[in-house]
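Quick note: numbers below take in every heavy atom, side chains included, and nothing from hydrogens, waters or symmetry partners.
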Amino acid sequence: MIAIIDYDAGNLKSVKKALAYLGEESIITREPEEILRADKVILPGVGSFGDAMEHLTELGLVPVIREAAERQIPFLGICLGLQLLFESSEESSGAEGLGILKGRIVRIPDREGLKIPHIGWNSLKLKHNGRLFAGFDGEPYVYFVHSYYLEAEDEQIVKASAEYSAHIHASVEQGNVFACQFHPEKSGAAGLRILRNFCEV
């Protein structure tokens with residue numbers, strides 16, 4: 001059973017639908033016992049970093065997420081879910097992230113001809129043999145929707161990057177913790193393969 005964490009940050013049903021397509025049973029929940037009992041955990045999300053951390057704190061989910069990571073339950077952050085795993089974000093001054101991974105979230109710099117938020121398909125450059133990208137050849141195209149991006153402290157945890165006005169750390173992996181800035185559940189066959197690889201970890 002895969003637990004999809006519900007903290008009022010949207011994008012839950014599309015993740016559940018993609019998992020169902022892959023034949024994976026999942027539950028949308030905010031119950032600590034269900035999350036910690038799950039075989040795997042997914043933290044999706046769209047919206048503001050500060051608001052999201054506030055919701056997680058109010059729902060008592062911050063220690064639950066940290067415990068899931070400590071218990072080595074395979075954990076996947078998607079979009080805002082990736083950003084929340086890190087320490088801080090320029091989007092919400094003073095708001096602390098979960099701090100499970102080291103790095104900061106910064107705004108995509110303005111550049112003539114490029115729109116922010118970054119919405120659309122971009123190719124990924126794969127590196128460091130990420131388990132989410134097992135079986136991939138070349139540079140897969142995936143779907144992004146974001147105005148802020150990750151600068152990871154340790155380049156070795158970065159398994160995929162993208163270029164859009166900046167060098168974007170698009171996917172990371174450290175131990176049992178995985179995260180994607182893009183939306184695998186909206187990225188067609190490539191995204192489904194990424195989710196399949198996570199389910200098979």
Side-chain angles (χ1 to χ4, degrees), residues 1-5 11-12 14-27 35-45 64-87 97-103 105 121-146 149-163 167-201:
M1 174 70 75
I2 300 171
I4 302 168
I5 298 177
N11 204 43
L12 304 174
S14 55
V15 174
K16 186 171 175 61
K17 187 176 177 183
L19 292 171
Y21 182 85
L22 295 171
E24 299 289 339
E25 195 176 350
S26 65
I27 183 171
I35 294 167
L36 294 173
R37 238 187 357 248
D39 301 309
K40 294 179 174 63
V41 179
I42 297 179
L43 180 69
V64 177
I65 291 170
R66 289 184 177 141
E67 186 175 345
E70 285 167 13
R71 286 193 191 184
Q72 302 293 305
I73 300 170
F75 192 101
L76 175 64
I78 296 175
C79 193
L80 180 59
L82 168 142
Q83 298 181 6
L84 296 171
L85 289 169
F86 288 84
E87 297 164 298
L98 292 163
I100 291 168
L101 301 175
K102 300 287 187 186
I105 308 303
W121 295 79
N122 265 68
S123 61
L124 296 177
K125 188 172 181 61
L126 306 182
K127 54 177 127 182
H128 303 140
N129 299 313
R131 285 177 284 168
L132 290 185
F133 302 100
F136 277 87
D137 292 319
E139 300 185 349
Y141 271 82
V142 293
Y143 187 76
F144 287 84
V145 183
H146 64 127
Y149 72 99
L150 166 65
E151 287 183 347
E153 190 174 290
D154 179 7
E155 279 272 355
Q156 290 300 309
I157 75 168
V158 179
K159 306 303 179 181
S161 60
E163 302 297 328
H167 181 65
I168 292 166
H169 291 164
S171 186
V172 296
E173 174 186 330
Q174 183 173 290
N176 63 304
V177 178
F178 304 80
C180 303
Q181 179 61 66
F182 56 89
H183 288 271
E185 78 284 3
K186 296 180 179 176
S187 295
L192 288 171
R193 179 182 280 189
I194 289 164
L195 287 173
R196 165 69 70 207
N197 285 341
F198 173 69
C199 293
E200 293 177 351
V201 167

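For the atom pair CD1 of Ile35 and CD1 of Ile27, the computed distance is 9.5 Å after rounding to the nearest 0.5 Å. In this structure, CG on Leu82 lies 8.0 Å from CG on Leu101, to the nearest 0.5 angstrom. Taking NE2 of His167 as the start and CG of Leu150 as the end, the distance is 10.0 Å to the nearest 0.5 Å. Atom CG of Leu85 and atom CD1 of Ile65 lie 7.5 Å apart (nearest 0.5 Å). Of the inter-residue distances, the one linking His128 atom NE2 with Gln156 atom CD reads 4.0 Å to the nearest 0.5 angstrom. The distance from atom CG of Asn197 to atom CG of Leu76, rounded to the nearest 0.5 Å, is 11.5 Å.
Cys199 places a side-chain heavy atom less than 4.5 Å from the side chain of Ile2. Counting heavy atoms from C-beta on, the side chains of Lys159 and Lys127 never come closer than 4.5 Å. When side chains are defined from C-beta on, Ile42 counts as touching Leu19, because their heavy atoms get closer than 4.5 Å. Using a 4.5 Å heavy-atom cutoff, the side chains of Ile168 and His146 are in contact. Two residues are said to be in side-chain contact when any heavy atoms from C-beta on lie closer than 4.5 Å; Leu126 and Pro140 meet this criterion. Looking at Phe86 and Val172, their side chains come closer than 4.5 Å, going by heavy atoms from C-beta outward. Looking at heavy atoms from C-beta onward, Phe75 lies out of side-chain contact with Ile100 at the 4.5 angstrom threshold. A 4.5 Å side-chain heavy-atom check between Leu84 and Leu80 finds at least one atom pair inside the cut-off.
Electrostatic pairing of Glu87 and Lys102 counts as a salt bridge here, judged by a charged N lying under 4.0 Å from a carboxylate O. Classification of Glu24 and Lys40 as a salt-bridged pair fails, no side-chain N sitting under 4.0 Å from a carboxylate O.
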Give the C-alpha distance, both sets of side-chain angles, the deciding distance and a yes or no for side-chain contact (heavy atoms from CB on, under 4.5 Å) between Val158 and Ser171. CA-CA 6 Å; Val158 179; Ser171 186; over 6 Å; no
Checking Leu195 against Tyr21 for the side-chain contact (heavy atoms from CB on, under 4.5 Å) test, could you report, in this order, the C-alpha distance in whole Å, the side-chain angles of both residues, the deciding distance, and whether it holds? CA-CA 11 Å; Leu195 287 173; Tyr21 182 85; over 6 Å; no
Decide yes or no on salt bridge (Lys or Arg N to Asp or Glu O under 4.0 Å) for Glu173 and Arg131, but give the supporting numbers first. CA-CA 8 Å; Glu173 174 186 330; Arg131 285 177 284 168; 2.7 Å; yes
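Of all heavy-atom pairs between Phe144 and Ala162, the closest is CZ-CB, 3.9 Å. What you find for Asp39 and Pro74 is that their closest heavy atoms are O-CD, 3.4 Å. Looking at every heavy atom in both residues, Glu185 comes nearest to Ser14 through CG-OG, 3.7 Å. The heavy-atom pair separating Ser123 from Glu139 by the smallest distance is OG-OE1, 3.7 Å. The two atoms that bring His183 and Cys79 nearest to each other are NE2-SG, 3.4 Å, heavy atoms only.
In this structure, His169 contributes its side chain and Ala152 its backbone to a donor-acceptor pair below 3.5 Å. Judged by distance alone, the side chain of Asn176 and the main-chain N or O of Ala69 form a donor-acceptor pair under 3.5 Å.
Note: Phe133 and Phe182 have tilted aromatic rings, judged against thresholds of 30 and 60 degrees for the angle between ring planes.
At most 12 heavy atoms of other shown residues, nucleotides or ligands fall within 6.0 angstrom of atom OH in Tyr141.
The ring of Tyr143 has its center closer than 6.0 angstrom to the ring center of Trp121.
Every pair passing side chain to side chain donor-acceptor pair (under 3.5 Å) that includes a residue from residues 69-86 is listed here, sequence neighbours excluded: Glu67-Arg71, Gln83-Gln181.
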